[in-house]
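Below is one structure, written out as structure tokens; comments come after it.
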Amino acid sequence: MATKTTIDSKQLIAQEKKNNPSFAKTVWREIIHDKVALISLCILTVILIVAYSSPLFIDQVEMKRVNFFNNWKPPSAENWLGTDDGGRDVFSLMLLGTRNSFTIGLLVTLFAGSIGLTYGLISGYFGGVVDNIMMRILEFLMVLPTLMIVIVLVVIIPNYNVLSFVLIMSLLYWFGKARLVRSRAIQERELDYINASRTLGTPSWKIMLFEMFPNISSLVIVNMTLTLAGNIGLETGLTFLGFGLPDGTPSLGTLIGFARNPDLVQNKWWVWLPAALLILVMMLCINYIGQAVKRASDARQRLA
Amino acid sequence: ACSGKDKEGSGEKEPGKEPEKEQEETKGEDEEEAEESSTNIDFPLEVSNNAEPIEDGEMTVGMVTDTPFEGTLNRVFYSGVYDAEILQYFDERLLASDGDYLITNEGAAEYKLSDDKKTITIKIRDGVNWHDGEPVKASDLLYAYQLLGHPDYVGERYTFLIQNVEGMPEYHAGETTEISGITVSDDDKEITITYTEATPSLMSGIWAYPVPRHYVGDIMTGETTIEEIESSDKIRMNPIGFGPYKVAKIVPGESVLFERNEDYWRGKPALKSIVLKVVSTATVLESLKKGDVDLASIPTDQYLNAKDIDNIEILGAIDYAYTYIGFKLGKWDEEKKENIMDPNSKFADKRVRQAMWYAMDNETIGKELYHGLRYPATSLIIPVFESFHDADLETPSYDPEKAKALLDEAGFVDVDGDGFREDPDGNEFVLNFASMSGGETAQPIAQYYMQNWADVGIKVQLLDGRLHEFNSFYDMVKADEPKIDIFQGAWSVASDPDPSGIYGRTSAFNYSRFTSEKNDELLAAGTSEKAFDPEYRKDIYKQWQALMADEVPVAPTVYRYYLTGVNKRVVNYSEEPGSENARPWKWAVSE
Amino acid sequence: MLKFILRRTLLMIPQLILLSLIIFVLAKAMPGDAVTGAFMGNPDVTPERMEEIREKYGLNDPWYVQYGRWIGNAVTGDFGKSYTHKQPVTTVIAGRLENTILLNFFVLIVTYIIALPLGIIAGRWTDSWADKLIVTYNYVSFATPLFVFALLMLFCFSFILNWFPSGGSVDIKIEAGTWEYIVSRAKHLFLPVMSTALLATYSTIQYLRNDIIDQKVKDYVKTARAKGVPEGKVYTRHIFRNSLLPIAAFLGLEITGLIGGSIFVESIYSYPGLGRLFLDSILLRDYQVVTAIVMLSGIAIIVGTMLSDIILSIVDPRIRIE
Amino acid sequence: MSLLKVNDLKVHYPIRGGFFRRVVDSVRAVDGISFELQPGETYGLVGESGCGKTTSGRAIIGLNKATSGEMLFEGKDLAKMRRAERRKYTKDIQMIFQDPYSSLNGRKNVLSIIAEPLRNFERLSAKEELIKVQELVERVGLSPESIYKYPHQFSGGQRQRIGIARALALRPKLIIADEPVSALDVSVQAQVLNFMQEIQEDFNLTYLFISHDLGIIQHMCDRIGIMYRGRFVEEGTADEIYNNPQHVYTKRLIAAIPEMNPEKRFEKMHLRQAINQEYQKEYNTYFDKDGRMFDLKKLSDTHSVAMQ
Amino acid sequence: MKNPVLEIKDLRTSFSIKGDYYAAVDGVSLTVYENEVVAIVGESGCGKSALALSIMGLHNLKNTKLEGQVNFGGQNLLTLSPSKLNKVRGKDIGMIFQDPMTALNPLATIGRQIEEPMDYHTKLSAAEKKRRTLELLRRVGIKNEQRVYGQYPHELSGGMRQRVVIAIALSCDPVLLLADEPTTALDVTIQAQIMDLMKELQNQMKTGIILITHDLGVVAEMADRVVVMYAGEVVEIAEVQELFQNPLHPYTRSLLNSIPSNLEAKEKLHVIDGIVPSIQNLDRTGCRFAPRINWIPEQDHEEQPEMHEAEPNHFVRCTCYKTFYFPEDRVGEREYVTTES
Ligand SMILES: Nc1ncnc2c1ncn2[C@@H]1O[C@H](COP(=O)(O)OP(=O)(O)OP(=O)(O)O)[C@@H](O)[C@H]1O
Ligand SMILES: Nc1ncnc2c1ncn2[C@@H]1O[C@H](COP(=O)(O)OP(=O)(O)OP(=O)(O)O)[C@@H](O)[C@H]1O
Ligand SMILES: [Mg+2]
Ligand SMILES: [Mg+2]
């Protein structure tokens with residue numbers, strides 16, 4: 001409806017700014033409208049806050065102290081989740097482990113995500129020969145039996161620690177993402193707003209970063225949330241095979257890794273089960289949040 | 001890993017001492033030792049079931065491993081522990097051995113030693129036949145030597161005792177095709193082996209496994225080659241021996257079906273068949289409980305649960321292994337091929353080493369972490385060697401106060417008040433500790449030792465802040481990686497008590513690089529001709545044990561038990577070396 | 001088509017060479033070598049003897065010489081000899097390969113048997129309770145570590161219920177070739193296959209569900225309805241068919257996942273397959289075997305992807321391979 | 001002097017195939033076209049879908065590489081310029097895109113959309129930039145607060161105006177309009193067309209107007225080129241093309257315009273049939289034996305046709 | 001008068017948006033007679049497609065509410081059970097969709113897709129179906145029908161595909177054809193061909209056709225009767241000649257004036273103010289077109305606009321048509337356009 005108006009610009013401008021929710025706000029709205037996602041978010045937040053603030057109330061040196069007179073104690077008032085083989089408090093281990101595992105998952109997701117994103121964007125944006133070459137390389141990389149290479153690398157790396165673990169994982173887990181981003185980037189490239197920027201003389205890197213990226217960011221964010229869920233459990237399997245994090249680094253994987261021993265599976269459930277459940281809960285939470293994020297990125301599916 | 005699982009007796013135990021990959025395989029013990037040890041658990045060595053065995057019984061034995069066995073079923077060529085376990089059922093050593101792992105004349109052959117102790121004559125009994133009916137010949141044993149010494153042979157069993165055979169080095173170098181030190185009698189039943197040097201190791205370590213030449217083919221005539229034998233089905237799918245059971249069928253990597261060898265020289269074996277199958281560590285207890293397997297070793301960490309299983313009996317023996325903390329005292333000199341002590345080592349003062357030993361609380365580890373299945377070690381000659389192990393040896397045991405006193409005395413005191421001692425010059429004293437990963441307990445134990453040391457004021461930190469994988473660990477230890485000050489290792493011990501292989505001046509495996517005149521002297525005496533006299537040898541080793549307890553190049557930490565779960569229906573089964581019931585042909589089941 | 005296969009096969013060669021180079025260099029870079037792996041510190045094997053053996057194995061040559069030798073032989077199908085098994089690598093692998101292939105073949109089949117109906121149900125009746133259930137199952141299966149699940153399955157069905165054997169591939173006492181033999185093999189395969197398959201359904205269900213939801217609103221579906229096609233047939237004749245097609249394209253990826261997964265179940269169920277062999281060979285530094293297995297996995301993945309492309313080109317008329 | 005002179009422009013897309021994905025053939029999307037634009041005029045490019053209109057436009061603005069031929073802009077050949085050099089001409093040639101929905105980045109507000117070219121070429125302070133953008137926004141008839149809105153908050157016509165504002169920001173001399181209204185409703189279409197005519201006068205613009213709708217072309221253009229399979233079949237003033245089409249393809253195109261008078265619809269249908277017959281019968285007069293068009297032949301100063 | 005085929009009475013189609021229902025088709029009444037082409041025109045979003053889909057029962061009933069009656073063959077299609085509705089769809093009513101690129105199943109052969117309705121509505125044998133399919137293909141002007149029969153949609157050009165879509169719609173000899181913008185996605189020349197084809201078929205088969213389009217040119221070429229829709233309502237109905245010669249409703253007149261080919265070159269086109277309101281923002285009281293002709297005084301509109309038979313058989317909504325004029329000076333005047341969206 002057209003109306004002739006003389007405008008109080010400032011007020012209108014302010015209103016306009018408010019009217020246009022950013023992606024973050026849309027996500028927030030989506031989450032609020034989805035009870036499961038909201039609950040998930042709350043649970044996850046609590047878990048993470050507790051886990052990340054745990055160094056404040058856990059004396060790490062004391063906690064890591066081995067006390068063989070106190071090992072394999074079942075849950076009690078003193079040790080909420082009992083103790084492990086070294087008499088260490090499983091609950092504290094779990095909190096620190098959550099912190100490590102989540103940090104690892106997050107870092108791997110971010111690193112692998114950024115590598116994949118950059119690769120995919122460049123390949124998709126330039127297309128043609130560049131794309132051709134980059135895709136051949138990617139195809140080759142996708143052929144690598146990742147798990148096996150990870151294992152070999154873990155053996156090789158002389159200074160194997162959390163950081164190198166994150167790096168190894170990041171270096172081997174971006175291929176899928178690159179492909180995903182590239183296929184979207186190729187679609188996006190055909191759209192006229194990219195052409196427009198090119199005719200306006202915007203340099204390629206700027207177009208990639210400021211035009212194309214924001215438009216595929218929701219795809220990337222959705223994908224990253226979902227992979228984040230997977231990456232938290234990343235070390236568990238490797239730990240089981242004996243190629244997980246260095247011993248002595250508490251992680252959910254190390255705790256679940258206790259389940260290698262059938263005795264512990266049956267009789268000392270408190271060492272591994274809470275960690276396993278925690279992973280499950282975190283992954284479910286992240287997944288449900290991820291779904292909400294996904295809906296937010298796709299106007300068709302939005303609830304809000 | 002360790003190959004100490006042979007039940008036939010010490011002689012069949014492979015000569016060899018190997019570093020243990022800490023992967024929780026615990027084994028053997030002696031009754032007597034158990035009493036002496038500081039532990040209060042006591043395991044039988046023999047099953048208590050005395051019922052009448054049934055005719056034609058069948059038994060299932062579990063090989064506890066998460067790894068399929070390799071299936072190189074020949075004494076000359078195999079390398080895995082599990083292959084050795086399979087071998088014992090169908091292949092035997094010609095010479096039997098007693099509880100001291102010394103050869104006896106009860107086996108399929110008799111021996112005679114010459115006066116100069118350099119020549120041994122082995123005579124095979126009549127009626128000892130290969131599974132295909134061919135008699136076992138002296139030349140079959142010669143053939144084993146021909147294989148072991150062959151230039152193309154790349155296995156690990158071309159060892160000192162083989163090299164010591166006269167003419168062997170020439171043969172090995174490919175200069176001749178005859179081994180001058182070995183002769184075979186005309187009737188092909190008697191073989192004489194002459195050694196360059198006399199050594200008492202011969203009494204336990206002599207190679208007496210013949211190889212069925214007629215079956216696998218002869219490399220000397222060019223009929224076949226070593227390579228062909230190694231990969232041939234004749235040692236993989238249908239191997240033969242002259243032991244109590246014949247291989248009837250093999251499912252590669254997972255199980256073997258044995259059938260009774262009616263023609264066994266000792267008589268008819270008790271069981272009609274034995275199934276030997278791989279059982280994963282995760283399932284072993286359940287398999288025992290269900291009766292799926294009648295016999296299987298029990299991983300230490302599952303001991304408490306195994307105790308509650310009604311249908312099995314737990315046998316236990318002391319394992320042929322010990323764990324130790326090593327102190328880097330010097331370097332391996334590649335030129336001279338010998339160990340050189342470094343006077344500037346952080347541990348040049350032996351009081352520091354002693355103090356660190358005093359500080360370690362092995363008792364608690366054994367009792368609490370291993371439920372008594374490990375207990376503090378004292379000497380470097382383990383209790384398995386009844387006659388040589390010095391049970392009365394005075395060695396440091398957990399005593400932090402003593403440790404502190406020793407350190408004070410050595411001038412290591414805390415000058416800057418940070419709770420940790422500085423060296424006599426007042427410099428920071430921090431030790432790098434290398435330890436192996438693998439097994440769940442590795443980490444807490446390393447952590448615990450570091451706590452122990454910290455309690456007496458010695459600051460120890462993990463090398464690179466973490467444990468190291470087996471291969472890289474030994475790579476570093478072997479290469480005298482300068483970052484390493486102390487390390488935790490383990491040795492698996494063979495049937496010969498001679499420690500010179502791991503503590504001698506010229507031994508590359510002397511990882512702590514400790515040398516001394518006295519040590520050289522004693523070790524030489526221990527293997528001299530005189531040492532064929534057990535009393536003499538015992539005395540020498542007593543002195544050596546005392547020397548090591550005083551010098552502490554390494555501090556032994558724990559000895560271990562290994563446990564075997566046996567179904568209560570099993571009869572005539574024993575873990576005792578040399579005992580009659582330790583031989584598979586006697587094993588049987590009741591009901 | 002033939003040309004396509006030929007082209008892809010030719011393309012595979014440089015890929016494989018590169019892969020082998022990478023893996024060879026990596027394997028070589030592992031601390032220790034076959035000799036340390038096998039005789040590490042056995043004091044009866046003197047350092048001189050170890051050197052001698054190394055020399056015989058050619059382990060002292062520079063890596064590129066070793067690689068050259070290796071690749072030269074590999075071209076002729078000779079992957080060298082395993083140090084631990086003392087057998088040609090091809091023989092060592094062949095023995096295990098059969099088991100692994102059998103295992104993964106059934107895993108693949110069972111995965112699809114489970115995943116396809118579930119994906120279809122979830123996609124067709126979105127937001128129904130069935131869908132919610134399936135989605136939850138999907139998340140849970142995604143979140144559960146395979147080895148924990150495999151262990152739990154083992155406890156339940158082998159130990160407590162005693163329905164299935166706890167390990168191995170076949171009962172040794174049974175004659176090969178008989179009916180019982182097949183039953184025995186099937187029983188031994190059941191648990192490893194189920195534990196892998198139940199968790200491997202994730203991507204297929206997820207994909208199928210999403211795709212069906214997408215297809216539902218496509219115009220051609222409207223056309224079908226306008227033709228008077230009953231609702232049920234709209235799904236079976238149009239939507240499912242079109243959604244199921246791309247599943248074929250996942251075959252390649254699926255294979256990659258399985259190769260990783262079999263390492264876990266093989267060790268839990270004492271099933272002698274390639275995965276376990278790989279781990280053991282790494283520990284023993286039997287790099288001939290390591291390299292060969294990685295190569296084999298690489299080939300499996302490449303062939304898998306190629307197969308996907310071919311299947312896709314057969315079932316999807318829009319993609320045509322000349 | 002003409003503003004733009006296109007000489008025998010060819011754009012071929014390679015078709016890869018065969019064993020090593022070599023170039024086996026090419027799509028001759030544009031296969032030798034020549035035309036001139038005089039300053040201030042509107043030149044129409046018509047033809048059916050896939051005849052190469054878009055490709056020609058994109059080649060001129062540099063989104064596609066020309067395979068061969070010249071594009072003289074104010075006498076300088078755009079085709080031969082290096083990237084840096086060419087950038088200078090970016091300011092002078094701008095484009096309006098077909099799809100008002102995809103041609104604006106949905107993640108950016110109008111301010112950043114319109115400011116994009118300014119940021120690339122002019123160093124303005126935030127304030128100056130805002131003023132300039134606001135001027136432009138006003139010029140295209142949107143209210144000032146619009147600059148903080150996002151594209152999805154506008155109707156198609158308004159979006160197209162935003163696109164035009166962006167193109168105008170650098171004060172270009174030539175605007176290539178590739179089907180600027182074909183995605184719009186009739187009423188909105190009218191709005192945009194009117195507006196384009198207005199600014200043409202105000203800014204003294206030259207248009208290369210690409211469309212497949214002959215009605216719109218006729219309404220907007222001074223001169224028209226009819227394209228078919230990458231080549232021109234006829235070129236002339238609007239009047240000449242509509243009232244005196246020479247080439248059978250042109251005739252066919254014009255006959256395809258729906259008849260607005262319902263009474264004449266059967267006449268029109270018959271006319272179409274007749275032209276179809278002519279097309280069939282006299283095919284050889286218009287196409288050579290390979291089915292390709294002949295070169296343009298001048299009929300008059302302004303009118304040329306591809307006939308033998 | 002001829003027999004009515006389809007009678008729509010006060011049809012109201014509402015979509016649920018965030019829980020509330022908004023009518024996209026707002027009380028449409030309309031009759032289609034045998035052998036008659038009724039064109040429905042209007043701007044994008046005025047509810048044309050919603051109307052067509054309501055007739056066919058193709059809305060997703062989870063978020064759509066249908067009220068009123070759609071009488072066809074003695075039944076109210078809106079209340080028919082799905083299985084009964086399926087008997088009608090594809091048999092008595094055929095539908096042609098706008099975009100031939102997406103309306104065909106990419107993975108089924110052309111032959112299969114044309115035969116499919118016959119599977120459900122006839123008892124023909126496979127051979128008969130094929131014969132009939134080939135004939136249909138020929139009839140919609142496909143010459144090499146044997147080959148096309150086995151081809152897949154992607155192998156055909158847009159025009160060919162649209163012919164196939166028409167063949168599908170015709171496969172069971174429908175009484176009524178519903179064509180939703182059948183030519184919009186096509187090139188001018190192809191559009192002309194398809195129009196000619198439809199005219200020809202209509203002549204031959206004498207079906208009733210509802211032709212939905214926003215292109216007045218197509219209307220002029222094809223329709224017998226024209227229904228002009230605006231914002232969910234019918235604003236004008238007339239015979240085609242009458243409508244083009246004597247358009248009454250301001251909306252119809254504005255629309256006709258904004259078409260370039262109706263004017264001399266370079267003349268200013270008429271611009272309708274503002275935009276079509278979305279169904280949520282629509283003011284449903286009074287004349288819905290009033291906000292876009294705000295120079296017409298309020299009192300000229302009806303409060304409850306109704307259809308008036310201004311001329312015989314020429315119906316128009318609201319009285320504003322009587323006083324409507326184009327303000328000459330409006331063209332070129334600058335103003336701000338704001339939208340509340
Ligand atoms: N990137 C490309 N690769 C290969 N062929 C292309 C490419 N872009 C266009 N073509 C082909 O070039 C020809 C001309 O295309 P162009 O887009 O210029 O046509 P157009 O006249 O603009 O058509 P429309 O009216 O549909 O926009 C077409 O046959 C098209 O298929
Ligand atoms: N499923 C739906 N849910 C909500 N709103 C809808 C739905 N379908 C259509 N609409 C709305 O109903 C109105 C009428 O839509 P319809 O598709 O009938 O328009 P149209 O006249 O066919 O337009 P076009 O010419 O663009 O096809 C529009 O405002 C549209 O946004
Ligand atoms: Mg175009
Ligand atoms: Mg529509």
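Throughout, a chain's letter reflects where its sequence line sits, starting with A, and its residues are numbered from 1.
E/Ile190 places none of its side-chain heavy atoms less than 4.5 Å from the side chain of D/Glu48. Annotation: side chain of D/Met220 is not in contact with side chain of E/Pro260 (no heavy-atom distance under 4.5 Å).
A distance of 8.5 Å separates CD in D/Gln189 from CG in E/Leu269, rounded to the nearest 0.5 Å. Note: D/Asp213 CG to E/Gln191 CD = 9.0 Å, rounded to the nearest 0.5 Å. Separation of atoms CG (D/Asn261) and CD (E/Gln245) is listed at 6.5 Å; rounding is to 0.5 Å. In this structure, OG1 on E/Thr189 lies 11.5 Å from CD1 on D/Ile257, to the nearest 0.5 angstrom. Summarising the geometry, atom CZ belonging to D/Arg272 is positioned 4.5 Å from atom CE belonging to E/Met195; distances are rounded to the nearest 0.5 Å.
Judged purely by atom type and a 3.5 angstrom limit, D/Glu259 has no side-chain atom pairing as donor or acceptor with the backbone of E/Glu221.
Residue D/Arg265 comes nearest to E/Lys199 through the heavy atom pair O-NZ, 4.1 Å, listed as atom of the first residue, atom of the second, then distance. D/Ser49 approaches E/Asp187 most closely through the heavy-atom pair N-OD2, 2.5 Å.
Interface remark: D/Leu253 contributes backbone and side-chain atoms alike to the contact with chain E (heavy atom separation under 4.5 Å). Both the backbone and the side chain of E/Asp196 come within less than 4.5 Å of a heavy atom in chain D. Looking at D/Lys264, there are no atoms closer than 4.5 Å to chain E (heavy atoms on both sides), in backbone or side chain.
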What verdict does the side-chain contact (heavy atoms from CB on, under 4.5 Å) test give for E/Val271 and D/Asn194, after you've listed the backbone C-alpha separation in whole Å, the side-chain angles of each residue and the deciding distance to 0.1 Å? CA-CA 8 Å; E/Val271 173; D/Asn194 282 350; 3.2 Å; yes
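For the set E/Leu255, E/Val188, E/Val219, E/Leu186, the entry with the most heavy-atom pairs within less than 4.5 Å of chain D is E/Val188.
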